[in-house]
Amino acid sequence: MIRLGLCCIFHDEPIRFRQTTAASLKKMPRREQLQKLSTICLANLLSLSEALEWVTAHEVGAFRVLSPLFPRFTHPDVGYHLNELPDHTAIITQCKKIRARRQESDIRLSLHPDQFNVLSSPHSEVVKNTISELEYQGMLAECIGADVINIHGGGVYGDKALALGRLRDNFALLSDRVQSRLTLENDDRSYSPADLIPVCDDMGIPFVYDVHHHRCLPDGLSITNATTECLRCWKTAGREPFFHISTSRDGYDSSKPQAHSDYINVKDFPEEWLGLDATVDVEAKAKELAVLKLKKDLGLLGEDMV
DNA sequence: GCATGTCAAGTTGTG
DNA sequence: CACAACTTGACATGC
């Protein structure tokens with residue numbers, strides 16, 4: 001059975017995640033910084049609990065956790081460790097509760113580090129920062145029980161093969177808790193499924209197939225081909241396959257094909273995916289409303305929810 | 001109170 | 001050559 005995933009935030013539901021900036025933290029003494037960060041980390045974990053309750057109640061099987069759940073964790077000036085935070089004990093307790101709840105309800109949690117994480121970069125400083133951020137995500141994944149840390153191929157720098165070679169070399173520098181969760185996803189301008197699937201095979205990690213990006217950046221593969229390859233990667237790993245879906249706001253022949261629309265047009269959902277045991281993250285601006293609508297349009301609602 | 005500019009970070013393609 | 005887009009909203013500031 002297909003499980004749909006909600007990405008990061010809610011549209012109508014009053015579940016909110018807090019943030020702070022390095023600039024504002026720098027204006028206060030360290031003690032105050034840590035107090036503020038502590039309050040936000042704990043509040044975000046409580047919000048994550050609420051999010052788990054919501055997806056469980058609505059039979060949505062997956063949730064993508066926003067990267068800065070612990071804001072500015074790896075920042076060179078204001079970064080911190082959890083054991084420095086005044087609410088350290090409560091934070092650890094809350095993480096434990098989240099892991100238990102996630103397991104009990106069989107909710108799949110994932111992380112999607114943002115665009116600054118580039119394992120293929122030729123710049124050592126960029127790679128160093130990426131590794132530090134991915135290690136943070138690995139720690140976070142362990143804390144909350146997430147099994148996927150999904151990134152893109154990054155830049156091309158005029159030579160895809162060289163760039164992917166660097167990505168592979170840098171992957172070897174990551175800890176096991178990151179390596180065992182890392183996945184590569186095709187993007188909308190540089191790396192297509194055909195580019196990444198061989199690299200994933202080579203590195204022994206699964207491929208996350210984004211059909212919207214594939215429609216923006218087609219290669220020789222059909223949707224059926226790419227789906228089959230994706231399924232094969234995940235089967236080798238003995239894990240549930242992972243897809244992304246979104247609907248182009250202005251259409252694929254427009255000047256901004258990659259822009260997301262509020263809801264998913266059910267016609268954009270590949271028929272190849274129907275009936276699979278797989279996770280499909282719904283990238284749509286209307287967030288939980290779009291997930292529920294797609295569920296309904298696909299005929300996935302349980303009797304009691306129609 | 002509310003409007004608005006800013007937020008650590010990379011890379012690419014567009015106007 | 002500057003700037004938006006990427007998965008994208010919340011915070012901080014100033015009126």
Side-chain angles (χ1 to χ4, degrees), chain A residues 5-28 36-37 39-40 43-44 47 62-80 110-137 148-160 163 166-167 170 183 185-192 208 210 212-213 216-217 242-250 254-262 264 280-288 290-291:
Chain A
L6 172 62
C7 295
C8 304
I9 53 174
F10 290 80
H11 188 275
D12 278 3
E13 205 59 32
I15 298 174
R16 296 288 177 262
F17 293 93
R18 294 189 56 194
Q19 257 294 8
T20 188
T21 62
S24 73
L25 289 169
K26 280 186 202 174
K27 290 178 191 159
M28 45 183 90
K36 175 166 187 174
L37 289 162
T39 303
I40 294 177
N44 283 350
S47 294
F63 185 70
R64 182 188 299 176
V65 177
L66 72 177
S67 298
L69 195 79
F70 300 155
R72 309 283 80 86
F73 193 85
T74 64
H75 189 281
D77 300 327
V78 301
Y80 52 98
S110 66
L111 295 166
H112 197 356
D114 53 21
Q115 66 272 26
F116 310 110
N117 295 283
V118 189
L119 278 182
S120 60
S121 177
H123 309 110
S124 59
E125 199 60 22
V126 172
V127 172
K128 194 182 119 211
N129 292 339
T130 298
I131 290 175
S132 139
E133 178 70 12
L134 290 177
E135 291 299 336
Y136 150 65
Q137 304 256 344
V148 166
I149 300 174
N150 179 44
I151 61 170
H152 293 290
V156 174
Y157 317 92
D159 191 326
K160 264 185 199 177
R166 284 192 299 267
L167 188 152
N170 292 325
T183 61
E185 176 198 343
N186 60 304
D187 64 79
D188 55 15
R189 27 166 158 260
S190 301
Y191 293 101
S192 70
V208 170
D210 187 313
H212 168 62
H213 288 157
C216 292
L217 181 71
F242 214 117
F243 301 106
H244 290 180
I245 182 89
S246 40
T247 283
S248 175
R249 187 189 62 200
D250 307 328
S254 71
S255 62
K256 281 200 282 182
Q258 73 278 19
H260 289 174
S261 77
D262 292 344
I264 305 298
V280 180
D281 269 0
V282 176
E283 295 181 342
K285 288 183 172 293
K287 297 297 169 185
E288 82 277 16
V291 176

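Just so we're on the same page: letters track the sequence lines, and every chain starts at 1.
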Touch class at under 4.0 angstrom, heavy-atom based, for A:His260 against every strand present: sugar-phosphate
Audit row: A:Phe242, A:Asn150, side-chain contact (heavy atoms from CB on, under 4.5 Å) steps and yes/no: CA-CA 10 Å; A:Phe242 214 117; A:Asn150 179 44; over 6 Å; no
Check: A:Arg72 side chain, B:dA8 base, donor-acceptor under 3.5 Å: yes
A:Phe116 over B:dG10, stacked by centroid distance under 5.5 Å, angle under 30°: no
Residues A:Lys287 and A:Glu13 bridged, charged N to O under 4.0 Å: no
Touch class at under 4.0 angstrom, heavy-atom based, for A:Val78 against every strand present: nothing
Touch class at under 4.0 angstrom, heavy-atom based, for A:Asn117 against every strand present: nothing
Phosphate OP1/OP2 of C:dT7 contacted by A:His213 side-chain N/O (<4.0 Å): yes
Sugar-phosphate only, base, or nothing, as touched by A:Leu66 at under 4.0 Å among non-hydrogen atoms: nothing
Sugar-phosphate only, base, or nothing, as touched by A:Thr74 at under 4.0 Å among non-hydrogen atoms: base
A:Ser246 side chain near C:dT7 phosphate (N/O to OP1/OP2, under 4.0 Å): no
Touch class at under 4.0 angstrom, heavy-atom based, for A:Lys36 against every strand present: sugar-phosphate
